[in-house]
Amino acid sequence: MLKIYNTLARDKQEFRPIDVSKVRMYVCGMTVYDYCHLGHARVMVVFDVVQRWLRASGYDVTYVRNITDIDDKIIKRAAENRESIHALTQRFIDAMHEDADALGVQRPDHEPRATQYIPQMLDMVAQLEQNGLAYQAADGDVNYAVRKFDGYGKLSGKSLEDLRAGERVEVDSNKHDPLDFVLWKHARPDEAAEVQWDSKWGKGRPGWHLECSAMGSELLGKHFDIHGGGADLQFPHHENEIAQSEGAHQCQYVNYWMHNGFVRVDNEKMSKSLGNFFTIREVLKKYDAEVVRFFILRAHYRSPLNYSDAHLDDAKGALTRLYTALKSVTAQAAAVGWNGDYALRFKDAMDDDFNTAEALAVLFDLANEVNRTQSPSAAAELKSLAGVLGLLQRDPQEFLQGGAGAGGLDDAAINALIESRIAAKKTKDFAEADRIRKDLLEAGIVLEDTPNGSTWRRA
RNA sequence: GGCGCGAUAGCAAAGCGGUUAUGCAGCGGAUUGCAAAUCCGUUUAGCCCAGUUCGACUCUGGGUCGCGCCUCCA
């Protein structure tokens, strides 16, 4: 039985979908005005694994991950670049897809863009206004009246009084209450027509929180199973989503809220504002994408994850061990059989709030068995279980010999050197054989002699 | 100030009230011409102080330290 840590309950709970065999899941995706960084990579990989595990468990999953393509930062960046909003966002949507594909992240079933759901958002504002939860302020903005919604704070565990004590909320005299948030922003005279939509409250554009509420209910219904995102979205974004959706629809919005932990650099949150971020494509120049995916899945999704080259090197070494086991024994393609000891341990780990760290430990035990017994069925099990996590699906040789940098030895040169070393060994000229091996090692090539000849991999 | 999370061996990172986590690194052995890879064995743990218990890294309370949210953020 799958258990999920539900932020709403602050506890692990047994997962019971609304429809017995179906799971409807929404994850907050990217605001597309720049390249994705490692923090974005974590959300994508973590919820990709959630989605994969739900499917592996037999559920019919509908997975939605939105794209925010209208927002203050996008408008600002487009103006700086002197390009249209559309050109800017399309460019970074394409880049995001490249990054996600490289990391083995499967495409969600739907990737709704905010600008394509403006009518649904306006309907929602109208419904909120009708329910007495929204009002148009003097400046033209339509705001959400937070104090009129009873459950405000139930997700983040904050009370309105506590928030007030924080004194960090900017005072805006147009709001009835400083904690009210914007549903519909009135158009400014200097803003391009591209960022203005007509509405009964005048020209304007949606507030950030509104899109997820509107797109979620449009694609998954007013009440769905799982909503995920980074821990920094818990408040205010997800809290506001609940206020909007439940305030408009008068029913429970989401049953299970999941939040992944941050990627850190030097023990600090990786973020745009701190400027301490590494883009995915930057990291992929140096490390294999599967190594990055493995690095992310090595930690539990709610734990902090420290980024450094040393940690990536460590992940690379660990993944190399798994591929090395598969190199020695051919694994025929096989569906996962869930009756074996390893498979059951793996399943228990994944069912325990997606404990990928534990699941990977099972993979290493299985790799030991493969190395020990050279059993093709054990190798097949290793490959199929890893496949559930989106790992180990490549040809081992390709992984182990991949990553040649520019200027390095190519395969032909390596093989030629190996041939001459074998010739030297035949004449017992070990000094020459060792010299060749040393030269190769200095070029980043590790030789492994086996009874059947020599193989190589990149260090 | 309010709310929340965490502290595990040299590094990284899990489970668990009593029995080997796991990966890397180290040490000993097997194997090898020597290595590498692999296998076998093995050294390093559980922030501090109390309490509960026959027994706590694991539960409870109190400290200390770190991190996050309260403002855009995955």
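Letters A, B, ... mirror the listed sequences (proteins, then strands); counts begin at 1.
Remark: C1' of B:A13 and CZ of A:Phe294 are 11 Å apart, rounded to the nearest angstrom. Nucleotide B:A37 holds its C1' atom 14 Å from the CG atom of A:Leu322, rounded to whole Å. For the pair A:Leu400 CG and B:A36 C1', the computed distance is 13 Å after rounding to whole Å. Atom C1' of nucleotide B:G23 and atom CG of A:Leu392 are separated by 14 Å, given to the nearest angstrom. One atom, CG of A:Leu155, and another, C1' of B:C70, lie 14 Å apart when rounded to the nearest Å. Straight-line distance from the CZ atom of A:Phe364 to the C1' atom of B:C39: 17 Å, rounded to whole Å. Atom-to-atom, CD of A:Glu268 to P of B:G66 comes out at 13 Å; the value is rounded to the nearest Å. At whole-Å resolution of the value, CG in A:Leu441 and C1' in B:C34 are 14 Å apart.
Rounded to a whole angstrom, the distance from the P atom of B:A7 to that of B:G46 is 14 Å. Between B:A9 and B:G33, the distance separating the two C1' atoms is 38 Å to the nearest Å. Spacing between B:U8 and B:C65 at atom C1', rounded to whole Å, works out to 16 Å. On the P atoms, B:C5 is 12 Å away from B:U60, given to the nearest whole Å. Look at the C1' atom in both B:A37 and B:G55: the space between them is 43 Å, to the nearest Å. B:G17 sits 12 Å from B:C54 when the C1' atoms are compared, rounded to a whole Å. For B:A21 and B:C57, the C1' atoms lie 13 Å apart once the distance is rounded to whole Å. Separation of the P atoms belonging to B:U64 and B:C72 is 32 Å when rounded to the nearest angstrom.
No engagement by A:Ser159 is indicated, since no non-hydrogen atom pair under 4.0 Å with the nucleic acid exists. Among the protein residues, A:Asn368 comes within range of the sugar-phosphate backbone only, with heavy atoms under 4.0 Å from sugar or phosphate atoms but none that close to a base. At the heavy-atom level, A:Leu233 lies under 4.0 Å from the strands shown only through sugar-phosphate atoms. Among the atoms of the strands shown, only primed sugar atoms or phosphate atoms (P, OP1, OP2) are found under 4.0 Å from some heavy atom of A:Gly157. Using a 4.0 Å heavy-atom cutoff across all strands shown, A:Asp365 reaches sugar-phosphate atoms only and no base atom. Among the atoms of the strands shown, only primed sugar atoms or phosphate atoms (P, OP1, OP2) are found under 4.0 Å from some heavy atom of A:Gly29.
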Next on the checklist: Set out, in order, the CA-CA distance, both residues' side-chain angles and the distance that settles side-chain hydrogen bond (donor to acceptor under 3.5 Å, both in side chains) for A:His259 and A:His238, then state yes or no.
Outcome noted: CA-CA 10 Å; A:His259 293 97; A:His238 291 160; 2.8 Å; yes

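The shortest distance between the side-chain N/O atoms of A:Arg345 and the OP1/OP2 oxygens of B:A21 is not below 4.0 Å. Under 4.0 angstrom from either OP1 or OP2 of B:C34 there lies no side-chain N or O belonging to A:Arg435. Of the side-chain N and O atoms in A:Arg321, one or more sit less than 4.0 angstrom from OP1 or OP2 of B:U38. At the phosphate of B:A37, OP1 or OP2 sits under 4.0 Å from a side-chain N or O atom of A:Arg457.
Checking B:C65 for Watson-Crick or G-U wobble geometry (two distances, each under 3.5 Å) identifies B:G6 as its partner. Remark: B:G55 base-pairs with no nucleotide in the shown strands. Criterion, Watson-Crick or G-U wobble with two distances under 3.5 Å. Base pairing annotation: B:C16 forms no Watson-Crick or G-U wobble pair, as no partner gives both donor-acceptor distances under 3.5 Å. Checking B:A45 for Watson-Crick or G-U wobble geometry (two distances, each under 3.5 Å) identifies no partner in any strand. B:C39 and B:G29 make up a base pair, with Watson-Crick or G-U wobble contacts both under 3.5 Å. Taking a pair to require two hydrogen-bonding distances under 3.5 Å in either a Watson-Crick or a G-U wobble arrangement, B:G1 pairs with B:C70. Nucleotide B:G23: paired with B:C11 (Watson-Crick or G-U wobble, both distances less than 3.5 Å). Nucleotide B:U60: paired with B:A50 (Watson-Crick or G-U wobble, both distances less than 3.5 Å).
For A:Asp352 against B:G15, no side-chain N or O and base N or O form a donor-acceptor pair under 3.5 Å. Taking only distance into account, the side chain of A:Lys272 never meets the base of B:C72 through a donor-acceptor pair shorter than 3.5 Å. Between the side chain of A:Asp314 and the base of B:G23, at least one donor-acceptor pair of N or O atoms lies under 3.5 Å. Checked by distance alone, A:Arg437 brings a side-chain donor or acceptor within 3.5 Å of a matching partner on the base of B:C34. In this model, a side-chain donor or acceptor of A:Lys269 finds a partner on the base of B:C73 within 3.5 Å.
Environment of CZ in A:Arg188: sparse, with no more than 12 heavy atoms of neighbouring residues, nucleotides or ligands closer than 6.0 Å.
Nearest-nucleotide positions on RNA chain B place A:Ala361 closer to the 5' end than the other of A:Ala361 and A:Lys73. Heavy-atom nearest nucleotides on RNA chain B were determined for A:Gly229 and for A:Val446, and the one closer to the 5' end corresponds to A:Val446.
In this structure, A:Phe262 forms no aromatic stack with the base of B:G68, since the conditions of centre separation below 5.5 Å and plane angle below 30° are not both met.
Judged as a salt bridge (Lys or Arg N to Asp or Glu O under 4.0 Å), and not counting sequence neighbours, the contacts of A:Glu98 are A:Arg281.
For an aromatic pair to be called close, the ring centres must be under 6.0 Å apart, and A:Tyr287 with A:Phe295 fails this.
A cation-pi arrangement is present between A:Lys272 and A:Tyr33 under the rule of less than 6.0 angstrom and at most 45 degrees off the ring axis. Note that A:Arg302 lies in the cation-pi zone of A:Tyr5, set by a 6.0 Å cut-off to the ring centre and a 45° limit from the axis.
With hydrogens and angles left out, the side-chain atoms of A:Asn66 and A:Glu111 include no donor and acceptor closer than 3.5 Å.
Of the residues listed (A:Glu239, A:His209, A:Met121), the one engaging A:Gln244 in a side chain to side chain contact (heavy atoms under 4.5 Å, CB included) is A:His209, and it is the only one.
Comparing B:A37, B:A14, B:C3 against the side chain of A:Glu448 picks out B:A37 as the nearest.
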